[in-house]
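Written out below as structure tokens is the structure these notes cover.
Source: prediction; values computed, not measured. The chains referred to below are lettered A, B, ... by the order of the sequence lines, with proteins before strands, and numbering in each begins at 1.
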Protein chains: 2
Amino acid sequence: MSERRPRRRRDPDRTREDILEAAREVLAEDGKEGLSVARVAQRAGVNRGTAYQHFQTREQLIEATVEWVGDKLFEAVFGDPDEAKDQPVENISVEDVNDQLASFAMENPALGRVWLLEVLSSRRPAKDPFWRQYKSNFEKFAQTSFAQPGMDAEVLSVLILAGSFIWPVWARAHARSAKEREKMLKRFTREILRLSLHGTLRPEKYRELDTRVMRDLRKKR
Amino acid sequence: MSERRPRRRRDPDRTREDILEAAREVLAEDGKEGLSVARVAQRAGVNRGTAYQHFQTREQLIEATVEWVGDKLFEAVFGDPDEAKDQPVENISVEDVNDQLASFAMENPALGRVWLLEVLSSRRPAKDPFWRQYKSNFEKFAQTSFAQPGMDAEVLSVLILAGSFIWPVWARAHARSAKEREKMLKRFTREILRLSLHGTLRPEKYRELDTRVMRDLRKKR
DNA sequence: CTACAAATCAACACCGCTGTTCACTATGAG
DNA sequence: CTCATAGTGAACAGCGGTGTTGATTTGTAG
């Protein structure tokens, strides 16, 4: 036991990447609380001291990992950042965005959950590129004639994000085959679509409720 | 320092309650990961050994606390369990249920989040009275003529629960005055209602999408 | 009023983690 | 070649945690 590793080739960038990669793995397996610098360093095949050289504290290591997740999420949902930034809303398919989002969540359940809570509870959520883009897309879309009137884009952003990242918990995305995950994913995306198109209540059966909600609408913001 | 407390009066039930109460406080303040038997025992004014007598492990202490939250949540949303169990669905107001749920989540943000994740990831979620009732309500409702056709009640249950308990994170429910919480709560419940009634997309603008979703509907389950 | 099971408690043994420091070694860039 | 620096290893001081054990007290049943 306790094989002595040969010394790493000197390559700070590579080393940093290795540490981050290991951090992702640990985070994905055991969540934020399971992550210790010691474990990450071991998994990365790096001396603990070296890890502390690259990330001053455990918190910073987590932060850097979450940042990485945010970037990947952006890429998965909106594609190349440079092109995506200034796409007009009309070019963006509501359906595709939600599908990609839900798919990412299903394939990276633990990582995604950590990202979600970290970003939503952060002091400056707008720092995260994905959140910024996602929310602003929703807001712009709400202005178009394709959208139902009176939407609260912020609430909807949180709702769909929360649903997308929590659904894999219920679906037991870890511990399932790719095929089963695919099936659960489909169920989710289909229902989001159906909900988006028709809601859950038949408005004609809720006249009173409907007028009340829509009246509130006018006086607010 | 290190005042020596006088030995506790012998009263196992009371002691157990004190421990659970302290556990709730700790959980509410610092979440699942902040909970240690040591802290709970100290806060409860109980020897750590005593705590271990009542709850064999940290996990079991958490489990018991989550159970308590489930009960409270049930009570807050559905009222007295004995009466609620066999209410016909028609007597239950969709609006009220969602309002009470969101309100509970807003007033018990950390506790609620722990409950949500614990229940959804548990091996036997149906053990939790609230989840069981909530989901089955949704399923029964989906069968009525008040509901839009083709709803996936399970997806919707997870979606709304997730939204209700994650919204307070975004809303920074801790660290806000009662008045501000109330305002954020209103925004959420209103939007849920609006969404339930009208969705987000104008169906007439999404004919193709609509027919596709509804076609899928027929062949599935 | 006594016996006894159960409740309470202090102390024990042990773990893993954080963050720091320091001396040493290898290495790639210039 | 040389030298700043990445990487290593080891040790330290400290913290807070988990479970366990055996002695001690105490309510209560008989």
Side-chain angles (χ1 to χ4, degrees), chain A residues 1-67 110 114 118, chain B residues 1-66 68 110 114 118:
Chain A
M1 49 216 75
S2 97
E3 295 282 307
R4 173 172 260 110
R5 268 179 292 100
R7 176 177 277 248
R8 273 179 90 75
R9 270 295 159 66
R10 184 181 188 158
D11 184 347
D13 293 352
R14 178 79 241 145
T15 299
R16 204 190 136 92
E17 276 318 304
D18 287 350
I19 295 171
L20 278 173
E21 192 180 326
R24 267 173 255 146
E25 290 173 20
V26 172
L27 218 51
E29 280 168 26
D30 295 324
K32 185 176 171 177
E33 327 316 330
L35 185 148
S36 73
V37 178
R39 270 184 78 187
V40 170
Q42 187 175 16
R43 158 110 38 160
V46 158
N47 190 283
R48 203 164 62 87
T50 304
Y52 274 105
Q53 200 126 14
H54 287 269
F55 304 92
Q56 283 88 326
T57 70
R58 173 181 180 274
E59 264 331 296
Q60 282 183 40
L61 176 52
I62 292 176
E63 203 179 311
T65 307
V66 168
E67 209 176 301
V114 173
E118 214 65 11
Chain B
M1 48 216 76
S2 97
E3 296 282 308
R4 171 172 262 110
R5 267 181 292 99
R7 176 177 273 251
R8 267 179 94 77
R9 270 290 162 66
R10 181 182 189 159
D11 183 348
D13 293 352
R14 178 78 243 146
T15 300
R16 201 189 137 91
E17 276 318 304
D18 286 350
I19 295 172
L20 278 174
E21 192 180 326
R24 266 173 257 144
E25 290 173 19
V26 172
L27 219 51
E29 281 168 26
D30 294 324
K32 185 177 171 179
E33 327 316 331
L35 185 148
S36 73
V37 178
R39 270 185 79 187
V40 170
Q42 186 176 18
R43 159 113 34 161
V46 158
N47 188 284
R48 209 162 54 82
T50 303
Y52 273 104
Q53 189 106 7
H54 287 269
F55 304 92
Q56 283 89 324
T57 69
R58 173 180 180 274
E59 263 334 293
Q60 282 183 41
L61 175 52
I62 292 176
E63 203 179 312
T65 307
V66 167
W68 184 93
V114 173
E118 214 64 13

How long is the line joining [atom1] of [X] and [atom2] of [N], in whole Å?
{"X": "A/Arg14", "N": "C/dG28", "atom1": "CZ", "atom2": "P", "answer": "15 Å"}
{"X": "B/Ile62", "N": "D/dT18", "atom1": "CD1", "atom2": "P", "answer": "9 Å"}
{"X": "B/Arg9", "N": "C/dT8", "atom1": "CZ", "atom2": "P", "answer": "12 Å"}
{"X": "A/Asp18", "N": "D/dG7", "atom1": "CG", "atom2": "C1'", "answer": "13 Å"}
{"X": "B/Gln53", "N": "C/dA5", "atom1": "CD", "atom2": "P", "answer": "15 Å"}
{"X": "A/Gln60", "N": "C/dT18", "atom1": "CD", "atom2": "C1'", "answer": "14 Å"}
{"X": "A/Arg16", "N": "D/dG7", "atom1": "CZ", "atom2": "P", "answer": "12 Å"}
{"X": "B/Asp13", "N": "D/dT28", "atom1": "CG", "atom2": "P", "answer": "11 Å"}

Between the CD atom in A/Glu33 and the NZ atom in B/Lys32, the distance rounded to the nearest 0.5 Å is 9.0 Å
Nearest 0.5 angstrom please: B/Asn47 CG to B/Arg7 CZ, how far?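 Rounded to the nearest 0.5 Å, the CG-CZ separation comes to 9.0 Å.
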Distance below 4.0 Å between [X] side-chain N/O and [N] OP1 or OP2:
{"X": "A/Thr50", "N": "D/dT8", "answer": "yes"}
{"X": "B/Asn47", "N": "C/dT8", "answer": "no"}
{"X": "A/Thr15", "N": "D/dG7", "answer": "yes"}
{"X": "B/His54", "N": "C/dT8", "answer": "yes"}

Could you check whether atom CD of B/Gln42 has more than 12 heavy atoms from other residues, nucleotides or ligands sitting under 6.0 Å from it?
no
Any donor-acceptor pair under 3.5 Å from [X] side chain to [Y] backbone:
{"X": "A/Arg48", "Y": "A/Val37", "answer": "no"}
{"X": "A/Arg39", "Y": "A/Gly34", "answer": "yes"}
{"X": "B/Arg24", "Y": "B/Thr65", "answer": "no"}

Looking at every heavy atom in both A/Val26 and A/Leu35, which two are closest together, and how far apart are they?
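That closest heavy-atom pairing would be CG1-CA, 3.8 Å.
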With B for base contact, S for sugar-phosphate-only contact and - for none (protein heavy atoms under 4.0 Å), nucleotides 21-26 of chain C reads ----BB
Letter by letter from the 5' end, nucleotides 11-17 of chain D scores (B base, S sugar-phosphate only, - none; protein heavy atoms under 4.0 Å) B-----S
Margin query: Does any part of the side chain of B/Asp18, heavy atoms only, come nearer than 4.5 Å to the side chain of B/Arg8, both counted from C-beta?
Written below: yes
Do A/Glu21 and A/Glu25 have side-chain heavy atoms sitting under 4.5 Å apart?
yes
